[in-house]
Amino acid sequence: MAIVKPFKCVRPDEQYAHLVAALPYDVYNRKEACQITAANPKSFLNIDRPETQFSEDVDIYDDRVYEKAGEMLKSWMADGTFKEDSGEAYYIYELIMDGRSQTGIAACSSIDDYVAGVIKKHENTREEKEVDRIRHVDTTNAQTGPIFLAYRSNEAVNKIVKVKTSEAPIYDFVSDDGISHKVWRIDGTGMIHAVEEAFQSIPATYIADGHHRAASAVKVGLKRREENPGYTGEEPFNYFLSVLFPDDQLMILPYNRVVKDLNGLSPEAFLEKVEESFEVSKVGEEAYSPEEKGSFGMYIGGIWYCLKARDFLYSQDPVKSLDVSILQDHVLGPILGIKDPRTDKRIDFIGGIRGLGELEKRCKEDMEAAFSMYPTSIEELLNVADAGLLMPPKSTWFEPKLRSGLFIHLLK
């Protein structure tokens with residue numbers, strides 16, 4: 001069963017919520033983050049990316065950077081930007097994008113569930129990416145960016161959400177990108193017990209987005225256990241901040257690929273090799289987005305093509321059957337020589353939210369070819385995680401993105 005606990009939340013005062021709420025820290029590079037924080041001094045990005053408070057000659061991993069994040073969080077709590085709720089509670093967080101709603105429960109998940117595999121992963125993490133967030137969490141004594149978890153839809157949870165969302169929310173605003181955000185607080189012994197009991201019937205939760213943040217939060221918790229050998233298991237550091245969404249409300253956008261060169265092949269020779277595994281048809285100059293699993297768009301030489309995987313490429317294996325695997329195993333790897341897409345500088349990944357125009361743009365600027373993907377489904381993600389397997393990198397792009405700063409979990 002999944003342990004999902006209420007927590008004593010630090011959150012923005014209602015008048016500041018729309019200003020504080022920020023996209024995840026890793027959406028931006030340093031220059032973009034500085035532009036955001038300069039335009040909005042209340043953006044949580046000021047704390048999430050504290051290097052924005054320093055000149056460019058200060059390294060983003062300098063000790064002073066992390067210390068600044070802790071100082072700013074304390075300052076914002078002191079000046080009324082943030083407030084701490086009086087008791088433990090759950091929170092309902094609804095995001096509406098293009099008329100489609102997804103509604104989750106903000107809560108604390110157990111680091112023991114993560115270690116034991118009750119919280120399932122589908123992606124490897126890289127240690128160097130974890131270190132930054134480990135230092136951020138450890139220095140600020142707070143988890144500030146919720147981990148996006150999914151669970152198989154549960155009627156008991158759905159009923160609780162339906163009851164609470166009929167009431168007035170504590171936050172209700174539209175962010176600059178047009179996404180609506182609403183938050184409700186679930187308190188009272190009866191309602192809290194109902195949520196806890198509902199999640200006890202859910203055998204597993206799944207990391208949808210935030211693998212590195214989850215790994216970092218867990219490592220900080222385990223570190224604090226070592227520092228506090230008398231811990232009881234109830235201390236805040238035994239849990240990490242999460243928002244849990246039912247699988248049937250989630251949408252995954254494609255994660256498209258662009259490549260720098262054709263590995264020494266002419267376009268004609270490259271197409272000839274591709275045709276050994278795919279049916280190739282010319283589309284023309286109009287951008288092509290695949291309409292079904294097993295099909296791909298390819299942009300090369302200013303022309304779009306449709307690729308359809310031949311029957312012998314299909315597999316019962318939950319990873320090998322993914323479209324991202326088929327492209328990697330039969331085009332990117334053997335033809336283009338991109339053996340490890342995690343480290344190869346000849347490939348880049350473009351989130352589907354940026355549109356196909358971004359693929360054409362990159363091919364005019366610094367890339368030779370682009371591939372538009374059919375999105376991985378949430379069911380495919382769950383099946384891979386249930387099998388204890390891992391997806392290739394950049395397999396899923398979730399939208400809308402959760403905002404940081406709306407919920408903060410203090411570790412002490």
Identify the residue among Glu94, Arg11, His18 that makes a side-chain hydrogen bond (donor to acceptor under 3.5 Å, both in side chains) with Tyr171.
-> Arg11

Quick one: pull up OH in Tyr25 and CD1 in Ile47 and give me the separation to the nearest 0.5 Å.
-> 16.0 Å

Please report the closest heavy-atom contact between Ala208 and Thr396, naming both atoms and the distance.
-> O-OG1, 4.4 Å

Ring-ring centroid check Phe148 Phe245, cutoff 6.0 Å = yes

Take Asp344 and Lys339 through the salt bridge (Lys or Arg N to Asp or Glu O under 4.0 Å) test and state the conclusion after the steps.
-> CA-CA 8 Å; Asp344 199 310; Lys339 303 300 183 185; over 6 Å; no

Residue pair Asp132, Arg213: steps toward the salt bridge (Lys or Arg N to Asp or Glu O under 4.0 Å) verdict = CA-CA 10 Å; Asp132 167 57; Arg213 277 174 283 140; over 6 Å; no

Testing Phe371, Phe278, Trp304 for ring-ring contact (aromatic ring centres under 6.0 Å, His included) with Phe296, which one passes?
-> Phe278

Tyr61 atom OH, over 12 foreign heavy atoms within 6.0 Å | no

Is it true that Glu167 and Lys164 have a side-chain N and a carboxylate O under 4.0 angstrom from each other?
-> yes

Ion pair check, Asp112 and Arg225, cut-off under 4.0 Å = yes

Do Tyr91 and Asp85 have a side chain donor and acceptor closer than 3.5 Å?
-> yes

Note: Arg100-Asp98 ion pair, threshold 4.0 Å (strictly below) | no

Any ion pair linking Asp26 and Arg49 (charged N to carboxylate O, less than 4.0 Å)?
-> no

Passing candidate, side-chain contact (heavy atoms from CB on, under 4.5 Å) with Ser325, options Leu313, Val319, Thr376 | Val319

Is there side-chain contact between Pro169 and Val183, with at least one heavy-atom pair below 4.5 Å?
-> no

Answer yes or no: is there an ion pair linking Lys83 with Glu14, defined by an N-O contact shorter than 4.0 Å?
-> yes

Determine, for Lys120 against Asp386, whether the closest basic-nitrogen to carboxylate-oxygen distance falls under 4.0 angstrom.
-> yes

Heavy atoms from other residues, nucleotides or ligands near CG of Asp176 exceed 12 (cutoff 6.0 Å) = no

What pairs meet the side chain to side chain donor-acceptor pair (under 3.5 Å) rule with one or both residues in residues 35-45, with sequence neighbours excluded?
-> Lys42-Thr81

Does NZ in Lys308 sit with more than 12 non-hydrogen atoms of other residues, nucleotides or ligands closer than 6.0 Å?
-> no

With sequence neighbours excluded, what pairs up with Asp261 under the salt bridge (charged side-chain N to carboxylate O under 4.0 Å, His left out) test?
-> Arg346

Heavy-atom nearest pair, Val258 first then Ala370, reads CG1-CB, 3.7 Å

So with a 6.0 Å cut-off around CD of Glu227, is the heavy-atom count from everything else above 12?
-> yes

N-O pairing of Lys5 and Glu234 below 4.0 Å | yes

Crowding at CD, Glu365 (>12 non-hydrogen neighbours, <6.0 Å) | yes

Of all heavy-atom pairs linking Glu235 and Thr232, the shortest is OE2-N, 2.7 Å

Which heavy atom of Tyr206 sits nearest a heavy atom of Tyr151, and at what distance?
-> CD1-CA, 4.4 Å

For atom NZ of Lys68, decide whether the heavy atoms of other residues, nucleotides or ligands shown that lie under 6.0 angstrom number more than 12.
-> no

Specify the closest pair of heavy atoms between Ile119 and Ser110, including all atoms of both residues, with the distance to one decimal.
-> CD1-O, 3.6 Å

Can you check side-chain hydrogen bond (donor to acceptor under 3.5 Å, both in side chains) on Arg224 and Asn238, steps first, answer last?
-> CA-CA 9 Å; Arg224 298 214 170 181; Asn238 292 286; over 6 Å; no

Inspect the surroundings of NZ in Lys273 and state if more than 12 heavy atoms from other residues, nucleotides or ligands are less than 6.0 Å away.
-> no

Does the side-chain contact (heavy atoms from CB on, under 4.5 Å) test come out yes or no for Lys223 and Phe237, once each step is laid out?
-> CA-CA 9 Å; Lys223 173 176 175 285; Phe237 58 72; over 6 Å; no

Mind running salt bridge (Lys or Arg N to Asp or Glu O under 4.0 Å) on Glu71 and Arg64 for me, showing each step along the way?
-> CA-CA 10 Å; Glu71 292 169 6; Arg64 292 172 293 171; over 6 Å; no

Are there more than 12 heavy atoms of other residues, nucleotides or ligands under 6.0 Å from atom NZ of Lys394?
-> no

Any salt bridge between Glu51 and Arg30, counting N to O under 4.0 Å?
-> no

Donor-acceptor pairs under 3.5 Å, side chain of residues 402-412 to any protein atom, not counting sequence neighbours: which ones?
unit_1: Arg403; atom_1: NH1; unit_2: Lys401; atom_2: O; d: 3.0
unit_1: Arg403; atom_1: NH2; unit_2: Ser175; atom_2: OG; d: 3.3
unit_1: Arg403; atom_1: NH2; unit_2: Asp177; atom_2: OD1; d: 3.0
unit_1: Arg403; atom_1: NH2; unit_2: Asp177; atom_2: OD2; d: 2.5
unit_1: His409; atom_1: NE2; unit_2: Pro236; atom_2: O; d: 3.0

How many angstroms lie between atom CD of Gln249 and atom CD1 of Ile378, to the nearest 0.5 angstrom?
-> 11.5 Å

Thinking salt bridges, do Asp63 and Arg135 make one under a 4.0 Å N-O criterion?
-> yes

